[in-house]
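All chains are named by letter (A, B, ...) in the order of the sequence lines, taking the proteins before the strands, and each is independently numbered beginning at 1.
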Amino acid sequence: MAELAQRLDCKCEEKWQAFWEKNKCFSFDEKGSSLPVYSIDTPPPFTSGDLHMGHVLSYSYFDFVARYKRMQGYNVYFPQGWDCQGFPTEVRVEKKHGRKPPEEFRALCRQWTEQCISNMKSQMQRMGFSADWKYEYRTMDPSYHKKVQLSILKMHSAGQVYRAKHPVFWCPNCRSALAKTDTDEMERSSTLHDIKFELQTGKGEKKEAIISTTRPELMHACVAVLFNPKDSRYTKYSGANAITALGKVVPLLPDNDVDIEFGSGLVMVCTFGDKQDVVWMYRHKLPHIEAMDDAGRLKNAGEFDGLKCEEAKKKILEKFKNEGKLLSSRPIAQAVKVHDRCGKAVELANSWQWFAKITDKRARIVDAAKKMKWIPSFAISHLENWAEFVEWDWVISRQRIFGTPIPFWVCEKCSKIIPAKEEELPANPPTQKKKCLCGGDAKGETSVFDCWVDSSITPLIISKWEEDEKFFKRTYPSSLRPQGVEIIRTWAFYTIYRCLELTGKPPFTELLLNGNVLAPDGKKMSKSLGNIIAPDKLIDESGADSVRIWAALSGAMAKDRPFSHQDIKYAKSFLNKFLNAGKFVQKANAGYTSSQEDAKNLRTIDKYFLHRLNEVITTCASAWENYEFHHIIKASHDFFWHEFCDYYLEYVKNRIYSKEDSPDKRAAQYCLHTIYSQIILLLAPITPHACEEVWQIFKNKENSSVQLEKYPQASKIFSHPSTAGAGKLLETLVSQIRQEKANKKLSLNSPVQKLSLALPKEQMHFFEKVEDELKSVCNIEEIEKKDGSELSIKLSIPEPDAG
RNA sequence: GGGCCCGUGGUGGAAUGGUUAACACGUUCGCCUCACACGCGAAAGAUUCCCGGUUCGAUCCCGGGCGGGCCCACCA
């Protein structure tokens, strides 16, 4: 029989990882299997090069579920992908190689990403993730591009995708459109200027007014002046015009969003000073004036054309001052959006972009979400709350390089849009010329898709949508979508939207949310604080199973939790205990083959522990239903450690150590075998390596894996509720005698000459069933029993030798 | 300003409308008892944030306050 490992460390774990791979333990059965399919749509991590503890936590969750469902008899489909295309990669590659022509640059990005994936994949494997790598996907692959393009072409032909000129976040420094997630907020001090305007009624009367602004240089793009309709100072001017300090006449309009308290209660709308201006522009159907070019220089500004903002601001203020229109200036604290990569202030710019019609789909998305099971249930409120505030359609194009090409051409003559043909996919429009029907040249779109366009079809990718109808039917929708809370409004929201549009069916049935891992000090992990926990180092020191136990213990779903070294410490101790118990069972049961026959000779105490096992199995079953991993750990660990090890192993030692084979001894061996093997199976999804290691002592075939066994189920065979009285009584007595010995500063195995025990009559018959166990565990020679109103004990202990 | 979550021994955190509020780490004391010192046993340590209310009874339900976290919006 196999010798168990000295230690359950990462070396031992590697052995089992290789074993699983060799025996293809995690293969999805594509054909033939009659087992129900359970599919998991896991998040493809962004290929940064390293997993962080958040990945480790969430991927542990997915893996617990995958392994559990397999043991429950599901045909588990657990693919894993990579989200490759993103700005951070471009930045890193540019830093390393400098700027290059697009095709060459893209190749360098791919190369870089390949390395990142290889490292992250090996990190995942070290954690024991049981993904089926046969179905690995990467968003930068041509096959993936093809699906993304196809999905957009379909949405385009359904009228869901369109091209339009629209203000987007723009970095004048990098000359690219940005997603809101690419921006940071920065506090900075600015100056608020009061500038003289005029109000003009229909009758030609003029009145002076004041506008407070931090951006006077945008005044040439002012298209309206607004006031709050509750503001009595201005209600009488409704329908009037305002004249800007530059002499331009613009409408004066009421709007509820204007803050009465701020400044004079008047605000100028400039296209596009900030996002609020854009909202107002659409709301009041105002014309727009392009205030600056893509490098941040003013345009349509007359004498100020070509100036950068700061210079323009200086000049225009000087002008107003000379004309007596600058009334006052004072400092003001202001938060500005800056590009997170270059730190420069972000502007809003009008440009041609591609959009997906999401605003009128909000109710549909929320309805679909409500039909899914959200765990925890409150998490759906993040999506509902977000849907409520979606004001604009989704900008799906980005002026970047490393992304999925947008499969459209635009005629330079008649502006007609020419979509790629399905057989051309994956298309790379900039490299290809097209002719329009009108005879004009059509130019290939040079922008690429927002990365959420890529990742919002993962349920379609993994189910081979539009590729393998049979496979699709078996694996769509996904049974489970596990993901982080912070990407509900992006990944979950867009995925539900896109998959509904494309298939008419919601993409998953259950969502499992996880929170973030904070540093041990409760703060966010960050390089600058130096409080980052590196997964690799942790695995080296403590092993993957310890880390997985930590993850399971952090199982308060969708809540952030500090990383806990004490959980890791506990986990290591537990695994050590688990292994040592295995060694004991292995030795105790050497030469013994479990047989149901032996169950006929079970003692009361044996039945009691089987009964307790059964209760624990029941507890775990309901915990699994709700993905309460910490309850599974708690119930199974407590039973294993503080009942099975602390008491039961002590109770049976006497029988186990007896030389000759007897029905009594075999009953103990049967029980050790049954309980320990069931505990292994209970824990196998959470600590698979350790369980595989100790499972060897029960293995009958060389390549059989604990992962392929059936998960324990509660059974009548184990149920012996009538033994509880005796079991609990024995525990109480042992504990009290140990306490007595501890009080007398004696070692636990010090002999007791005589135990005088008083018990209520109704407990006496319980006691008689466990008397032998008490005697052997506490090293008692003689027990004197008598009836009493309550339990009491008295020990007679021989005096220690004087010498 | 809006939404959501949370406030439990030194620390991290379970649970529950009802007798002594888990468990782990840490601490104290005693034990190397033939699976395990990454161990065994014993023990100390909590007004379950505060104030009201519902209830026979609240840590749990409701209201208010104070405090913390996350997300969103605004910042002319």
Side-chain angles (χ1 to χ4, degrees), chain A residues 4 7-8 180 185 187 190 192-193 211-216 218 222 225-226 257-259 262-270 273-277 279-280 332-336 376 378-382 384-386 388-389 391 485-486 488-489 515-516 518 520 522-524 542 546 549-550 553-556 558-588 628 630-631 633-635 637-638 641-642 645-646 649-650 653 656-657 734-735 737-750 777 779:
Chain A
L4 296 184
R7 283 261 175 275
L8 293 169
K180 204 167 72 177
E185 296 271 304
E187 278 292 327
S190 176
L192 186 68
H193 307 281
I211 295 274
S212 304
T213 178
T214 53
R215 304 205 60 184
L218 292 179
C222 176
V225 170
L226 305 183
D257 286 349
V258 178
D259 183 356
F262 194 94
S264 63
L266 290 177
V267 55
M268 67 171 182
V269 181
C270 299
D274 59 34
K275 200 180 150 193
Q276 182 68 59
D277 288 331
V279 172
W280 280 328
I332 186 174
Q334 199 183 24
V336 289
F378 71 80
I380 195 176
S381 65
H382 289 263
E384 291 173 314
N385 189 230
W386 177 249
E388 202 182 318
F389 289 101
E391 308 169 274
V485 182
E486 74 282 2
I488 287 176
R489 57 195 45 192
N516 291 314
L518 305 173
K523 291 176 186 152
K524 273 191 178 172
S542 311
S546 294
I549 287 175
W550 157 77
L553 287 172
S554 303
K559 262 163 68 177
D560 292 352
R561 219 202 126 182
F563 177 78
S564 163
H565 286 292
Q566 44 196 59
D567 284 354
I568 294 284
K569 179 162 186 187
Y570 162 76
K572 282 166 88 169
S573 308
F574 173 82
L575 291 170
N576 186 250
K577 189 81 181 173
F578 189 52
L579 176 67
N580 279 300
K583 286 177 181 166
F584 175 80
V585 173
Q586 184 177 39
K587 210 168 125 196
E628 292 165 325
H630 57 298
H631 286 168
I633 291 277
K634 172 85 169 68
H637 281 203
D638 278 1
W641 197 332
H642 301 302
C645 289
D646 289 353
L649 293 189
E650 297 305 319
K653 272 178 183 170
I656 291 298
Y657 290 141
V734 169
S735 160
I737 291 165
R738 282 172 173 170
Q739 204 171 331
E740 282 290 310
K741 287 184 176 177
N743 288 344
K744 295 194 162 86
K745 307 213 174 214
L746 294 168
S747 73
L748 294 179
N749 65 344
S750 58
V777 168
N779 200 5

Separation of A:I568 atom CD1 from B:rC23 atom C1', in whole Å?
17 Å

Expressed in angstrom and rounded to an integer, what is the separation of A:D274 atom CG from B:rA73 atom P?
13 Å

Using side chain to side chain contact (heavy atoms under 4.5 Å, CB included), reason through A:L553 and A:Y570 one step at a time and then give a plain yes or no.
CA-CA 11 Å; A:L553 287 172; A:Y570 162 76; 4.1 Å; yes

Distance, rounded to the nearest Å, where A:K523 contributes NZ and B:rG69 contributes C1'
14 Å

Check this one for me: any side-chain N or O of A:H631 less than 4.0 Å away from OP1 or OP2 of B:rA15?
yes

Nearest to the A:H630 side chain among B:rC23, B:rA15, B:rC70, which nucleotide is it?
B:rA15

Sticking with atom C1', work out how far B:rA21 lies from B:rU48, rounded to a whole angstrom.
8 Å

For A:G265 and A:E628, find the nucleotide of RNA chain B closest to each by heavy atoms; which residue's nucleotide sits nearer the 5' end?
A:E628

Rounded interatomic separation in angstrom, taking CD1 from A:I549 and P from B:rC25
12 Å

Whole-Å distance, A:L553 CG to B:rU11 C1', equals 15 Å

Options B:rC25, B:rC75, B:rA22, nucleotide nearest the side-chain atoms of A:Q566:
B:rC25

Show me the protein contacts with nucleotides 33-43 of chain B, counting only N or O atoms at under 3.5 Å.
from: B:rU33; atom 1: O4'; to: A:N749; atom 2: ND2; distance (Å): 2.9
from: B:rA35; atom 1: OP1; to: A:K653; atom 2: NZ; distance (Å): 3.4
from: B:rA35; atom 1: OP1; to: A:Y657; atom 2: OH; distance (Å): 3.1
from: B:rA35; atom 1: OP2; to: A:Y657; atom 2: OH; distance (Å): 2.0
from: B:rA35; atom 1: O2'; to: A:N580; atom 2: OD1; distance (Å): 3.0
from: B:rA35; atom 1: N6; to: A:C645; atom 2: O; distance (Å): 3.4
from: B:rA35; atom 1: N3; to: A:N580; atom 2: O; distance (Å): 3.2
from: B:rA35; atom 1: N3; to: A:A581; atom 2: N; distance (Å): 3.3
from: B:rC36; atom 1: O4'; to: A:N580; atom 2: OD1; distance (Å): 3.2
from: B:rC36; atom 1: O4'; to: A:N580; atom 2: ND2; distance (Å): 3.4
from: B:rC36; atom 1: O2'; to: A:N576; atom 2: OD1; distance (Å): 3.1
from: B:rC36; atom 1: O2'; to: A:N580; atom 2: ND2; distance (Å): 3.4
from: B:rC36; atom 1: O2; to: A:K577; atom 2: NZ; distance (Å): 3.0
from: B:rC36; atom 1: N3; to: A:K577; atom 2: NZ; distance (Å): 2.8
from: B:rC38; atom 1: O2'; to: A:N576; atom 2: OD1; distance (Å): 3.0
from: B:rC38; atom 1: O2; to: A:K572; atom 2: O; distance (Å): 3.3
from: B:rC38; atom 1: N4; to: A:R7; atom 2: NE; distance (Å): 2.0
from: B:rC38; atom 1: N4; to: A:R7; atom 2: NH1; distance (Å): 3.3
from: B:rC38; atom 1: N4; to: A:R7; atom 2: NH2; distance (Å): 2.5
from: B:rG39; atom 1: OP1; to: A:S573; atom 2: OG; distance (Å): 3.0
from: B:rG39; atom 1: O3'; to: A:K577; atom 2: NZ; distance (Å): 3.2
from: B:rC40; atom 1: OP1; to: A:K577; atom 2: NZ; distance (Å): 3.0
from: B:rC40; atom 1: OP1; to: A:W641; atom 2: NE1; distance (Å): 2.5
from: B:rG41; atom 1: OP1; to: A:D646; atom 2: OD2; distance (Å): 3.3
from: B:rA43; atom 1: OP1; to: A:Q739; atom 2: NE2; distance (Å): 3.0

